Amino acid sequence: MLALVDCNNFYVSCERVFNPSLEHVPVIVLSNNDGCAVARSNEAKELGIRMGAPFFQIRELCHRQGVRVFSSNYELYGDMSRRVTSVLRRFAPQLEVYSIDESFLDLEGIDEPTSLAQDLRETVYKWTGIPVSIGIASSKTLAKAANRLAKKDGTGCRQLLADQCDNALASIKIEDVWGVGRQLGRRLRQIRILTARDLAKASPSKIRRIGGVNLERTLRELNGLSCLGMEQRQPRQNICSSRSFGRPVMELHDMEEALSSYVMTAVQRMRGEGSLAHGIQVFLATNSFKENTPQYHNSISESLPEPTDDLLAITSAALRLLRRIYRNGYAYKKTGLLLLDLMSHSLRQTNLFTEDKTRNREALNHALDQVMDTHGRDSVFLASQGIRRGWQMRRDKRSQGWTTMWDEIPAAG
DNA sequence: TCTGGGGTCCTAGGACCC
DNA sequence: TCTGGGGTCCTAGGACCC
């Protein structure tokens, strides 16, 4: 048996922990640039606000209905996520952190999984303030389905045993099955597969032709056969950093500043994980939603001379690539980079001819790491990142760094 | 005015090899 | 007239996830 623990409306719940006035009222959290609704309280869902709804389309509704609106506060959500995970670990040492708000727990050998789950729910809520829902079943895909049902029937905890699956799966629409998205959902509907139950009963070979091995796995998982094991978090293979601009950008100079800042973000993340990049890819794009303006998007990748985590080397490579694909006369919406084919720093092969230079650079990079650790991410930056930064994203409605910033910690009394 | 960001995996097709 | 078969590796693109 395994369990999927999923935090309810996670970002909204995080906001509520530190701001009780948000209880029982509609609340949404927006994506970067205050673009789309990415988390909604139940009250907001009842108002008909869809996941991913562009904010400019629902602004009026929010105003009229008194919806409380927040920009994403990732420092807060990341910290709360770690707290929830640490509680889960006490209950089930074998745990896979699947996303910022979900974990799979291995419950093998537990006699009464549902009573453990109830206990777990109460403890997480008491210790972190975050409400969670739990689905229990013999495969990950079924646990996902059980979780969905637990949310729907309001119990917050649901075990799906083999003899209950048939009925339960019949109530789940095909595109709500984990692993079936928009495209596959449409194709399956065309051949009269409308529910999770229909998929479970379909012919595996036929399903494989439509959706490859993954969809066949989903089918078998729905029949209770576990095909997706518990996985340990693998080191990332790629790191991507990119942002949409707060306003359209016309100048190469602004693009360079922005990209340089994203390089900083990506390299810091990579260094934090102790990895080196073999290659780098840079991309840029205009706003594809604007139909009547000239469109241009392009990307370019390059192998680095040797695997590296050196900020200056990666920054200069990125800016060089950007200049190669940049074209004058477009209103750009976005640029970014990927660090490709990451490997562990410990596997690095030294190069006889560049070793001295590498050592000096490493000292510089290390010093940068330390300054940022001590004084914050923005305390030091490259001149190429610029100072005015007119391209920066909007984040007007952010809540405080309740748990992550000394000067924003809540005061009592 | 205004439409996110960061990932993974699989597959098809081309280049190349013997 | 007539042009194989089997393999690897790489990349781009598509699908999915939260």
Side-chain angles (χ1 to χ4, degrees), chain A residues 4-11 28-40 50-60 62 69 71-72 74 77-78 81 96-104 140-141 144 147-148 174-188 208-218 227-228 231 233-248 262 265-266 269-270 273 278-279 281 283 285-291 293 297-303 331 333-342 393-397:
Chain A
L4 173 67
V5 181
D6 186 324
C7 301
N8 299 347
N9 313 330
F10 181 56
Y11 296 172
I28 63 173
V29 176
L30 301 175
S31 60
N32 280 331
N33 262 319
D34 295 342
C36 306
V38 290
R40 306 154 296 151
R50 292 185 336 277
M51 181 66 179
F55 182 54
F56 76 92
Q57 288 176 2
I58 54 172
R59 187 190 303 265
E60 260 308 296
C62 290
V69 179
S71 303
S72 294
Y74 289 110
Y77 311 150
S81 175
E96 174 188 342
V97 177
Y98 178 70
S99 74
I100 193 164
D101 69 336
E102 284 171 78
S103 290
F104 287 104
K140 284 183 168 178
T141 308
K144 270 275 190 185
N147 193 289
R148 165 174 283 275
I174 187 65
E175 45 286 288
D176 293 336
V177 173
W178 191 46
V180 178
R182 272 239 303 282
Q183 296 298 319
L184 284 173
R186 214 180 34 191
R187 295 197 55 194
L188 291 170
R208 189 185 187 121
R209 278 198 300 280
I210 292 173
V213 292
N214 287 326
L215 193 59
E216 184 184 348
R217 255 183 223 136
T218 299
C227 306
L228 306 164
E231 287 171 27
R233 178 53 55 97
Q234 299 298 318
R236 260 190 282 262
Q237 298 169 28
N238 303 305
I239 285 177
C240 174
S241 178
S242 88
R243 294 280 181 282
S244 296
F245 303 128
R247 57 170 176 76
Y262 307 152
T265 304
R269 206 180 304 158
M270 175 169 73
E273 297 188 2
H278 276 93
Q281 180 175 68
F283 55 88
T286 51
N287 186 347
S288 59
F289 287 101
K290 292 209 179 230
E291 288 171 3
T293 59
H297 54 95
N298 204 351
S299 73
I300 184 170
S301 49
E302 188 177 273
S303 293
K333 178 66 179 169
K334 186 176 195 172
T335 184
L337 82 156
L338 287 105
L339 302 174
L340 305 169
D341 299 325
L342 305 186
M393 67 173 177
R394 291 187 306 274
R395 206 185 179 200
D396 301 335
K397 308 170 179 62

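Note that the structure is predicted; figures quoted are calculated from it, not measured. Just so we're on the same page: letters track the sequence lines, and every chain starts at 1.
- As a whole-Å value, the separation of A:Lys140 NZ from B:dC9 P is 12 Å.
- For A:Asn287 (side chain) and A:Phe289 (main-chain N/O), a donor-acceptor pair under 3.5 Å exists by modelled atom type.
- In this structure, A:Lys333 fails the cation-pi test against A:Phe245, since its NZ or CZ atom is not both closer than 6.0 Å to the six-membered ring centre and inside 45 degrees of the ring normal.
- Within the nucleic acid shown, A:Phe55 has no heavy atom closer than 4.0 Å to any nucleic acid atom.
- Atom pair A:Ile210:CD1 and C:dA15:C1' shows a separation of 14 Å (rounding to whole Å applied).
- Here the P atom of nucleotide B:dT3 and the CD atom of A:Gln57 are 10 Å apart, to the nearest Å.
- If you check every strand for non-hydrogen atoms under 4.0 Å, A:Arg208 touches nothing.
- A 4.5 Å side-chain heavy-atom check between A:Ile239 and A:Leu342 finds at least one atom pair inside the cut-off.
- Side-chain atoms of A:Glu102 and A:Val5, non-hydrogen and from C-beta on, never get closer than 4.5 Å to each other.
- Remark: C1' of C:dC16 and CD of A:Gln183 are 11 Å apart, rounded to the nearest angstrom.
- A salt bridge is defined here as a Lys NZ or Arg NE, NH1 or NH2 lying under 4.0 Å from an Asp or Glu carboxylate O, and A:Arg209 with A:Glu216 fails to meet this definition.
- A:Leu30 comes within 4.0 angstrom of nothing in the nucleic acid, heavy atoms only.
- Each of A:Val38 and A:Asn214 was matched to the nucleotide of DNA chain B holding its nearest heavy atom; the match closer to the 5' end belongs to A:Val38.
- Put simply, CG on A:Asn32 is 6 Å from C1' on B:dG5, counting in whole angstrom units.
- Nucleic acid contact class of A:Asp34 (heavy atoms, under 4.0 Å, all strands): none.
- Within 4.0 Å (heavy atoms only), A:Val177 reaches sugar-phosphate atoms of the nucleic acid but no base atom.
- Using a 4.0 Å heavy-atom criterion, one finds that A:Ser288 contacts no nucleic acid atom at all.
- Atom CG in A:Asn147 sits about 15 Å away from atom C1' in C:dC17, given to the nearest Å.
- Across all strands shown, B:dC16 forms a Watson-Crick or G-U wobble pair, both distances under 3.5 Å, with C:dG7.
- Within 4.0 Å of A:Arg59, counting heavy atoms only, lies at least one base atom of the nucleic acid.
- Protein atom CD of A:Glu60 is 13 Å distant from nucleotide atom C1' of B:dC2, rounded to whole Å.
- Among the atoms of the strands shown, only primed sugar atoms or phosphate atoms (P, OP1, OP2) are found under 4.0 Å from some heavy atom of A:Lys333.
- Within the nucleic acid shown, A:Leu184 comes within 4.0 Å of sugar-phosphate atoms alone, with no base atom in reach, counting heavy atoms only.
- Of the candidate nucleotides C:dC18, B:dT3, B:dG6, B:dT3 has the atom lying nearest to any side-chain atom of A:Phe289.
- Mapping A:Glu231 and A:Ser31 onto DNA chain B by nearest heavy atom places A:Ser31 closer to the 5' end of the strand.
- Taking the six-membered ring for Trp and thresholds of 30 and 60 degrees, A:Tyr11 and A:Tyr77 have nearly parallel ring planes, at less than 30 degrees apart.
- Distance CG (A:Leu215) to C1' (B:dC9): 14 Å, rounded to an integer number of Å.
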